[in-house]
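Here the structure is laid out as structure tokens; the discussion comes afterwards.
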Amino acid sequence: MQYSIPRGTYDILPEDSPKWHRVIAEFRKLVEAYGYAEIVTPIFEQAALFERSSGESSDVVKKEMYRFTDRKGREFALRPEGTAPVARSYIENRMDIGSSYTKLYYLGPMFRYDRPQAGRYRQFYQYGVEFIGSNNPYYDAEIIAILWNYLTGLGLKKLHLELNSVGCSVCAKEYDKALRDYFQPYLNQLCPDCQERFERKPRRILDCKVKECGDIAKKAPIQLDYLDEPCREHFSEVQHYLDLMKIPFIINPRIVRGLDYYTNTAFEVIYEGIGAQNALAGGGRYNGLLNQIGGKNIPAVGFAGGFERLFLSLNEEKITLPGPPFPEVFIITIGREAQELIIPYLNIIRVKGIYAEYEPDRASLKAQLKAANNSKAYYALLIGEEEIKQKSALLKNLESGEQKLYSLEPISDLIKTIQNKEL
RNA sequence: GUGGGUGUAGUUCAACUGGCAGAGCACCGGAUUGUGGUUCCGGGCGUUGUGGGUUCGAUCCCCAUCACCCACCCCA
């Protein structure tokens, strides 16, 4: 029986893991400069947490959650997103007490039962940042700045930021009403999906891909015209701060966040050229979430991005990331005696932090040198009959071909030469 | 969940209307016994994704199934 990996998942292979380390390290370095600290939450939570936060009618909850029941009949779900668990932990650990602001970031796998396609997986890795404790539009801009600086800092160029405001719960209601008034006369011309959306979530009609719906939606009222005064002011301040931070954006009134808890600011970073799944990251303000899941009425703003799409974009722009390291020295022994002589020193070399490779299975000198060459090692260290006599080893620079004999006792000269690449 | 496409060696791909499954790259070994990269020579029976069916005969046709790709949906 040949076992295979579950659909929509993948292995991060050794040749790729250095790339992951790099993008993660860059992310940590940047967010920590903004004062954010990592939070790690379980990959599963009570299913109700997501039902309550994302909205029972959201697609995520309706059909994309991996649910399971434990041995005592409790309902759990693999987390489909990172914000609700962070909010849960914030409330549960009383992070609001003591300091008014909390800056958190997280990294890790999320799970959604979707049909896989380019840039979309069932287990995917997200990086995210949450700022909890202020409604100041400055923080909306700061969150966006972190995201933008991260992506452009990695070298990406063909991306753009789309910005919108979905208002607060009051203006959102007003807007829904305006939309229904507008679509009412066209109701029977809309696609079946949109007819259903009409009652439940009329703004979803706006980004319907069906041509008829799109045509009708073109002249529909937009949310921005229905913002109340505080929300309008908030939105304009966000833009002002973005200008100050020199972060380019375009206003897209059609951005609709998929999850129910968003208020005011909504944004996405889009990358053209990686297929249909072109949102590198998305986020926004969620002033209602904490309260909705049992906390105080605390405002917050954040974003989450996917590493898989990030890699697709980096690849698209041919931005190279580190691969596996090459050995600094490749040990070559001829005969059993040579092996006995060098193994104790091999340990010493490695403990010093030098990456040394040794493949005793290969017999001939030729085969071992070939292996050394293929490994792209910087040096080969050769021990044969001659060297044994003198308790020494022959160090060879594999690029220049230059070689020099080093005594093994003491071994410090040899180590120093390798470390400083002096030969 | 819906539609379309594709599955052949480690990999990239061939194999005419159904007739002996092949090549490049990679990998391994060798070219007088202590020197790699270039060159030359040698090395492949692979459940043709899996399971059925049609046929004298299936990589090829049919059905099912799985996986991947693309789109819808949705989003990261």
Side-chain angles (χ1 to χ4, degrees), chain A residues 1-10 13 54 57-65 79-83 107-128 147 151 191-194 196-197 201 204 207-211 255-259 266-271 274-283 302-313 330 332-335 338 361-377 379-388 394-403 405:
Chain A
M1 178 62 195
Q2 170 84 268
Y3 294 105
S4 59
I5 195 166
R7 181 161 201 204
T9 68
Y10 59 96
L13 299 174
S54 301
S57 67
S58 66
D59 288 299
V60 168
V61 169
K62 265 195 336 205
K63 50 187 193 192
E64 295 173 5
M65 272 214 299
R79 59 181 184 195
E81 55 101 18
T83 300
L107 296 160
M110 306 295 161
F111 306 83
R112 287 185 205 171
Y113 191 88
D114 252 358
R115 185 89 165 240
Q117 78 187 67
R120 190 166 78 186
Y121 296 88
R122 288 183 172 176
Q123 172 170 344
F124 56 102
Y125 289 79
Q126 281 194 338
Y127 52 94
L147 174 60
L151 297 173
C191 72
D193 278 348
C194 284
E196 198 242 332
R197 289 169 179 141
K201 245 190 168 186
R204 279 254 164 250
D207 55 359
C208 181
K209 303 288 195 302
V210 177
K211 191 176 172 299
I255 290 188
V256 185
R257 303 272 72 224
L259 305 174
F267 60 90
E268 280 179 14
V269 173
I270 305 294
Y271 190 93
I274 54 170
Q277 307 302 322
N278 60 3
L280 285 191
F303 75 77
F307 280 118
E308 291 81 4
R309 294 177 192 178
L310 178 55
F311 284 122
L312 288 177
S313 311
F330 199 106
I332 293 173
T333 57
I334 301 151
D361 274 341
R362 292 173 203 277
S364 70
L365 170 64
K366 182 172 262 183
Q368 292 187 75
L369 260 170
K370 201 168 171 180
N373 196 56
N374 285 348
S375 77
K376 302 223 171 66
Y379 293 114
L381 189 68
L382 232 136
I383 303 95
E385 271 176 54
E386 289 301 312
E387 289 76 18
I388 294 167
L394 188 66
L395 187 68
K396 179 186 177 93
N397 182 316
L398 284 170
E399 196 170 342
S400 68
E402 205 177 332
Q403 51 190 39
L405 198 63

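Naming: A, B, ... by sequence-line order, numbering from 1 per chain.
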Touch class at under 4.0 angstrom, heavy-atom based, for A:Ala304 against every strand present: sugar-phosphate
A:Pro80 side chain reached by A:Arg112 side chain, heavy atoms, under 4.5 Å: yes
No-H, no-angle donor-acceptor pair, A:Arg115 side chain to B:rC73 base, under 3.5 Å: no
Sugar-phosphate only, base, or nothing, as touched by A:Gly282 at under 4.0 Å among non-hydrogen atoms: sugar-phosphate
Pairwise C1' distance, B:rG10 and B:rG5 [rounded to whole Å]: 25 Å
Sugar-phosphate, base or nothing in reach of A:Glu268, heavy atoms under 4.0 Å: nothing
Assigned partner base of B:rG42, Watson-Crick or wobble definition, under 3.5 Å: B:rC28
Touch class at under 4.0 angstrom, heavy-atom based, for A:Glu386 against every strand present: base
Sugar-phosphate only, base, or nothing, as touched by A:Gln123 at under 4.0 Å among non-hydrogen atoms: nothing
A:Thr333 backbone acceptor or donor facing A:Gln368 side chain under 3.5 Å: yes
Touch class at under 4.0 angstrom, heavy-atom based, for A:Ala367 against every strand present: sugar-phosphate
Side-chain touch A:Arg122/A:Tyr113, heavy atoms, less than 4.5 angstrom: yes
Base-pairing assignment for B:rA23 (Watson-Crick or G-U wobble, both under 3.5 Å): B:rU12
Sugar-phosphate only, base, or nothing, as touched by A:Tyr125 at under 4.0 Å among non-hydrogen atoms: nothing
Donor/acceptor link under 3.5 angstrom from A:Arg120 side chain onto base of B:rC73: yes
Sugar-phosphate, base or nothing in reach of A:Leu382, heavy atoms under 4.0 Å: base
hbond_proxy A:Arg362 side chain to B:rC28 base (donor-acceptor, 3.5 Å cutoff): no
Watson-Crick or G-U wobble partner of B:rA67, both distances under 3.5 Å: B:rU6
Whether A:Tyr125 and A:Tyr10 hold their rings parallel, tilted or perpendicular, with breakpoints at 30° and 60°: perpendicular
Touch class at under 4.0 angstrom, heavy-atom based, for A:Ala371 against every strand present: nothing
